[in-house]
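I have placed the structure first, in the form of structure tokens, so that the comments after it can refer back to it.
Remember, it's 1-based here, ligands and their atoms both numbered in the order they're listed. Remember, predicted model here, so these are calculated numbers, not experimental data. Basis for what follows: all heavy atoms, side chains included, without hydrogens, waters or symmetry-related copies.
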Amino acid sequence: MIIAIDGPSGAGKSTVAKAVAKKLGFSCLDTGAMYRAVAWQAMQSGVPLDDDAALGRVARDFDIEFGHVEGDPVPRRVSIGGVDVTDAIRTAEIDRAVSPVSAAPSVRAALVDQQRRIGRAGDYVVEGRDIGTVVFPEAEVKVFLTASDEERAHRRVRQNVDRGVGSIDYDEVLADLRRRDEHDSSRATSPLRPADDAVRLDSTDRYIEDVIDQICSAARGAEGAGAANDRGGTSER
Ligand code: DC
């Protein structure tokens, strides 16, 4: 089963995706980390951020790997070309570089391919911007998670404080978040938008546990419906 969680940055996708994966025993794929890793590698390699073909080569030539601790379905580390970039991809510099990189059609083509290969290997919660619309339009559960701009900026500042990386200036974080939303929503290739059949959840004034429970219930419902369909198919034969 695939549970697709899309939405703007800071809506709580990562927290929700990880918790849902743990509760259901699914694996978890953070596609934003893949775009960030390619942005990091492009900067290391001196690739201009407006060179679509060269960025596409970076996305194809450098392997992105997620590191697991035994028994935990949620990966803890991410590496590209064998270099651990878990912390390096969370800086303000990468926040800025990742917008043009994720808008490059060659990069998207390469990463969407990889995401499909990973997700089809098992039960996955996949979070990103285009998971329900482009990567897995057939996902059994689709969620579009939002929150107010101000709430998202507060959360991002708290996250940066906890991680010890990224800006902790609220106004700067808010401005950057709005700039990235605008960029993600208006780009030509796979813009951020809810799939027609996505459940829209606003996490601004809700306990995150509520949101997590709602998604788990939807997944169990979808699993039950799938099993019933399978049984129906068998009895007709
Ligand atoms: O979720 P995030 O902030 O780590 O994502 C980093 C960037 O990658 C963000 O600018 C949006 C982009 N992205 C995308 O275009 N498509 C995805 N499936 C995931 C992320």
Quick one: look up the protein heavy atom nearest atom 16 (N) of ligand 1 and list residue, atom name and how far away it is. Arg108 NH2, 2.9 Å

With a cut-off of 4.0 Å, which atoms of ligand 1 are near a heavy atom of Val98? 7 (C), 8 (O), 10 (O)

Which protein heavy atom lies closest to atom 20 (C) of ligand 1, and at what distance to 0.1 Å? Gly32 CA, 3.6 Å

for atom 19 (C) of ligand 1, nearest protein heavy atom and its distance come out as Thr31 OG1, 3.3 Å

Looking at ligand 1, is there an atom of it that comes within less than 4.0 Å of some heavy atom belonging to Met34? no

Any nitrogen or oxygen of Lys13, main chain or side chain, under 3.5 Å from a nitrogen or oxygen of ligand 1? no

So, Arg179 and Asp176, do they make that salt bridge, N to O below 4.0 Å? yes

Would you call Asp95-Arg36 a salt bridge at under 4.0 Å N-O? yes

Hey, is Arg187 touching ligand 1 through its side chain, its backbone, both or neither, going by heavy atoms under 4.0 Å? side chain

Should Arg36 be counted as touching ligand 1, given the test is an N or O pair under 3.5 Å? yes

Rounded to the nearest 0.5 Å, how far apart are CG of Leu177 and CZ of Arg155? 11.0 Å

Structural part of Asp184 in contact with ligand 1, heavy atom criterion under 4.0 angstrom: side chain

When you compare ligand 1 with Arg129, is there at least one nitrogen or oxygen pair between them that comes in under 3.5 angstrom? yes

Which atom of Ser148 lies closest to which atom of Thr204, heavy atoms considered: N-OG1, 2.9 Å

Any side-chain donor near an acceptor of the partner, Arg156 and Gln159, under 3.5 Å: yes

Backbone N or O of Leu192 within a donor-acceptor pair of the Asp184 side chain at under 3.5 Å? no

Donor-acceptor contact below 3.5 Å, side chain Arg200 vs main chain Phe144: no

Using distance alone, decide if ligand 1 has a nitrogen or oxygen within less than 3.5 Å of any nitrogen or oxygen in Ser9. no

Nearest protein heavy atom to atom 18 (N) of ligand 1, by residue and atom, and its distance? Asp130 OD1, 2.9 Å

Show every donor-acceptor pair shorter than 3.5 Å between a side-chain atom in residues 52-65 and any protein atom, with sequence neighbours excluded, or say none if there are none.
| unit_1 | atom_1 | unit_2 | atom_2 | d |
| --- | --- | --- | --- | --- |
| Asp52 | OD1 | Ser106 | N | 3.0 |
| Asp52 | OD1 | Ser106 | OG | 3.1 |
| Asp52 | OD2 | Ser106 | OG | 2.5 |

